Amino acid sequence: MVYGLISDIHANLEALEAALAELSGVEAYLCLGDIVGYGPDPSACLARVRALPGLVCIVGNHDLAAVGAYDLDWFNPYARHAVEWTAAQLSPEETDYLRALPDKEEVAGTVLVHGSLPQPELMNYITTPEDALECFDAFGGALCFIGHTHLTEYYHRAETVRACRRVGLFRGGRLELQRDRRYLINPGSVGQPRDGNPRASFGIYDTTARTVEIRRVAYDLPTVQKKMNEAGLPRYLSERLRRGV
Ligand code: ZN
């Protein structure tokens with residue numbers, strides 16, 4: 001099976017379309033949460049994601065915040081502004097859809113979680129090998145896909161040694177999964193990358209070839225920024241898209 005890996009779309013339709021154009025050959029999709037929040041097209045992004053074939057989707061903290069199911073004290077003032085704006089755009093049906101998304105899924109032995117394991121899955125950020133080790137301890141399989149940090153990277157470790165290595169995928173790249181190692185892989189953010197590369201980040205997971213390929217593509221950033229400014233969303237949020245931080 002060949003899966004498209006998408007995460008942290010954040011209502012950025014232009015970035016999502018650019019990613020999906022590259023993913024047209026995949027058979028199914030794994031979405032790691034935060035479809036909405038920050039960006040100007042929450043409903044259009046939701047419709048696009050929901051129509052993807054074979055979709056397995058988990059919820060992100062911004063998705064829950066936009067439907068009033070997550071404490072806004074966790075958000076900075078810019079994010080909070082965007083959450084409140086997003087909440088006003090969503091239909092009752094869209095709100096129900098987001099509210100019903102699971103916070104964790106397992107697909108053929110691979111775990112999907114937005115933030116980290118163990119609980120609470122939506123709040124914790126994996127940004128160090130120590131964070132990653134805690135997550136490795138909390139699942140039994142060889143592979144877990146995460147989102148949330150908007151950093152395109154992976155951690156890997158041997159089963160027998162409690163230590164792991166962190167590898168950045170700033171430019172993208174192809175990872176061959178070794179049978180004697182375990183992996184925690186973040187395909188990065190489609191709609192708001194924060195690893196210094198402003199290009200949309202996403203992945204292709206081939207279960208037969210045992211590979212994960214990360215791609216970075218440019219998208220129509222000026223259009224997104226214009227929409228954000230017209231919607232009255234904070235300038236800081238549209239400006240950081242250009243810098244990719
Ligand atoms: Zn996010």
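Ligands are counted one by one from 1 in listed order, and the atoms in each one are counted from 1 as well. What you are looking at is a predicted structure, and each value in this text was computed from that prediction instead of being measured.
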Checklist entry - Going by heavy atoms in the side chains, are Tyr38 and Asn12 under 4.5 Å from each other? => result no
>> side chain to side chain contact (heavy atoms under 4.5 Å, CB included) for Asn61 and Asp34? Distances and angles first, verdict last.
In response: CA-CA 7 Å; Asn61 53 323; Asp34 279 2; 3.2 Å; yes
Next item on the list: Check the pair Phe75 / His62 against side chain to side chain contact (heavy atoms under 4.5 Å, CB included), numbers first and verdict last.
Entry: CA-CA 9 Å; Phe75 288 76; His62 282 258; 3.1 Å; yes
- Message: Quiz question: by atom type and distance under 3.5 Å, do the side chains of Ser43 and Gln89 form a donor-acceptor pair?
- Response: no
Note on the Zn ion (ligand 1): protein N/O/S atoms within less than 2.8 Å are Asp8 OD1, His10 NE2, Asp34 OD2, His150 NE2
- Query: Does the cation-pi check pass for Arg182 over Phe136, that is, NZ or CZ under 6.0 Å from the six-membered ring centre and within 45° of its axis?
  - Reply: no
For this session: Salt-bridge test for Glu84 and Arg80: reply yes if a basic N is under 4.0 Å from a carboxylate O, no otherwise.
Result: no
